[in-house]
Amino acid sequence: MAGYYLWGELITDDSVTEVLAAQRDAVAQRFFHVPCSQDYESLKQFEACTPRKCGRAVTDSVITLQEAEKMRRLAEAGLSLGGSDGGASILDLHSGALSMGKKFVNMYRFFGDKLKDVMSDEDFNLYREVRLKIQHEIARTFNISVSSLHLTKPTFFSRMNSLEAKTAHDEYWHPHIDKVTYGSFDYTSLLYLSDYSQDFGGGRFVFIDEGANRTVEPRTGRLSFFTSGSENLHRVEKVSWGTRYAITISFTCNPEHAIGDPTWT
């Protein structure tokens with residue numbers, strides 16, 4: 001269950017920063033095209049899913065505020081059972097991985113039926129409905145077949161705060177490429193469950209482009225998604241105060257890497 005974060009050398013240049021979506025702005029949808037990397041050559045056999053264009057998108061109109069607030073309550077409830085000693089905690093409903101001190105436990109085995117006092121079938125249904133909305137929006141935006149897009153792992157809630165890192169898993173701020181870090185990722189999405197400058201400081205999502213950093217400021221219910229290759233090198237700023245909640249939901253073109261929605265069984 002290790003390996004939720006992986007990184008390389010810090011190479012950002014903070015001298016130039018462009019805000020792609022500010023927290024105060026309600027964004028219907030914004031799409032930012034970037035040239036595709038060579039990372040998708042192996043996907044040519046999945047023609048209906050392989051990126052025809054690459055880029056990054058932000059929208060506040062796909063997931064409702066009510067849905068996002070319910071997802072946050074699910075994250076809070078699950079993470080209340082454990083949590084990292086450092087600044088980054090993970091809850092993965094698929095594998096059961098839950099941060100606990102300086103390690104991970106499988107919450108389904110660790111807590112057993114007691115989990116049903118914290119999570120319900122209604123929560124899993126909400127999770128599936130949100131995932132489907134995101135999947136359809138990615139397919140629509142990138143003009144690919146929704147049925148060719150498959151949920152993949154890891155897909156997880158994150159809780160970040162300003163506590164000092166205790167292990168490498170707490171060091172969430174290093175630059176990385178999702179397709180390198182998580183080999184199965186072809187399209188990455190993040191649904192934000194808290195608000196930059198209101199619930200926490202720092203913690204903005206930063207795309208690292210040549211000569212500039214381009215940031216997305218989290219807003220409850222805001223969906224950000226992008227092609228997962230090296231054209232979208234990115235990092236998260238260190239959280240300086242408060243608590244940042246989000247969920248990463250990832251998709252693959254390769255059905256061999258597909259996973260199902262979380263269930264009790």
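Treat the numbers as computed from the prediction; the structure is a model and nothing was measured.
For Phe205 and Phe226, the distance between ring centers is under 6.0 angstrom. Between His169 and Phe104, the ring centre distance stays below 6.0 Å. Phe142 has its ring centre less than 6.0 Å from the ring centre of Tyr187.
In this structure, the side chain of Gln135 engages the main chain of Val146 through a donor-acceptor pair within 3.5 Å. The backbone N or O of Gly229 sits less than 3.5 Å from a side-chain atom of Tyr40, completing a donor-acceptor pair. Put simply, the side chain of Ser194 gets close to the backbone of Tyr245: a donor and an acceptor are under 3.5 Å apart. With hydrogens and angles ignored, the 3.5 Å screen pairs a side-chain donor or acceptor of Glu217 with a backbone N or O of Gln23. The closest donor-acceptor contact from the side chain of Arg222 to the backbone of Ala21 lies under 3.5 Å. Formation of a donor-acceptor pair under 3.5 Å by the Asp92 side chain with backbone atoms of Ser95 is found in this model. Judged by distance alone, with hydrogens and angles left aside, the side-chain atoms of Thr167 form no donor-acceptor pair with the main-chain N or O of Lys102 at under 3.5 Å. Without hydrogens or angle criteria, Ser224 side chain to Val58 main chain gives no donor-acceptor distance under 3.5 Å. Within the 3.5 Å criterion, the main-chain N or O of Thr64 finds a donor-acceptor partner in the side chain of Glu67. Looking only at distances, a side-chain donor or acceptor of Asn106 sits under 3.5 Å from a matching main-chain atom of Tyr108.
Of the candidates Leu151, Leu223, Ile138, Ile249 forms a side chain to side chain contact (heavy atoms under 4.5 Å, CB included) with just one, namely Leu151.
Seen from the ring of Phe207, Arg56 counts as a face-on cation partner, given the 6.0 Å and 45° thresholds. A cation-pi arrangement is present between Lys53 and Phe31, with the terminal nitrogen or guanidinium carbon under 6.0 Å from the aromatic centre and inside a 45° cone about the axis.
Counting non-hydrogen atoms of other residues, nucleotides and ligands closer than 6.0 Å to CD of Glu256 gives a total of 12 or fewer. Annotation for Glu164: atom CD does not count as buried by contact number, only 12 or fewer foreign heavy atoms lying within 6.0 Å. Around atom NZ of Lys153, no more than 12 heavy atoms belonging to other residues, nucleotides or ligands sit under 6.0 Å away. The number of heavy atoms from other shown groups lying within 6.0 Å of CZ (Arg52) is above 12. Within a 6.0 Å sphere centred on CG of Asp117, other residues, nucleotides and ligands contribute more than 12 heavy atoms. Atom CD of Glu47 has 12 or fewer neighbouring heavy atoms from other residues, nucleotides or ligands inside a 6.0 Å radius.
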Go through the steps for Ser240 and Ser162 under the test side chain to side chain donor-acceptor pair (under 3.5 Å), then give the verdict. CA-CA 5 Å; Ser240 56; Ser162 59; over 6 Å; no

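In this model, a donor atom of one side chain and an acceptor atom of the other lie less than 3.5 Å apart for Thr141 and Gln29. Defined by atom type and a distance below 3.5 Å, a donor-acceptor pair is present between the side-chain atoms of Asp178 and Thr188. Defined by atom type and a distance below 3.5 Å, a donor-acceptor pair is missing between the side-chain atoms of Asp186 and Ser228. A donor and an acceptor atom, one from each side chain of His176 and His234, are located under 3.5 Å apart. Using modelled atom types, one finds no donor on one side chain facing an acceptor on the other under 3.5 Å when comparing Thr252 with Asn254. Looking only at atom types and distance, the side chain of Thr227 has a donor-acceptor partner in the side chain of Asn232 under 3.5 Å away. Side-chain contact check for Ser184 and Thr152: at least one donor-acceptor pair (N or O, by modelled atom type) lies under 3.5 Å. With hydrogens and angles left out, the side-chain atoms of Tyr127 and His94 include a donor and acceptor closer than 3.5 Å.
Residues Pro154 and Tyr182 form a side-chain contact, since some pair of their non-hydrogen atoms from C-beta on lies under 4.5 Å apart. Contact check for Arg214 versus Val206: no side-chain heavy atoms found under the 4.5 Å cut-off. Looking at His150 and Phe251, their side chains never come closer than 4.5 Å, going by heavy atoms from C-beta outward.
Scanning all heavy atoms of the two residues, the minimum distance from Tyr172 to Gly87 falls at CE2-O, 4.0 Å. Nearest heavy-atom pair across Phe200 and Thr243 is CD2-O, 3.5 Å. Closest non-hydrogen pair, Val216 versus Pro218, comes out as O-CD, 3.4 Å.
The pair Asp195-Arg219 fails the salt-bridge criterion, with no side-chain N (NZ, NE, NH1 or NH2) lying under 4.0 Å from an Asp/Glu carboxylate O. The pair Glu76-Arg72 meets the salt-bridge criterion, with a side-chain N (NZ, NE, NH1 or NH2) lying under 4.0 Å from an Asp/Glu carboxylate O.
Taking Arg128 as the reference, Asp261 meet the salt bridge (Lys or Arg N to Asp or Glu O under 4.0 Å) condition, with sequence neighbours excluded.
Residues Leu74 and Leu126 share a hydrophobic cluster, clusters being chains of Ile/Leu/Val/Met/Phe/Trp/Tyr side chains in contact below 4.5 Å.
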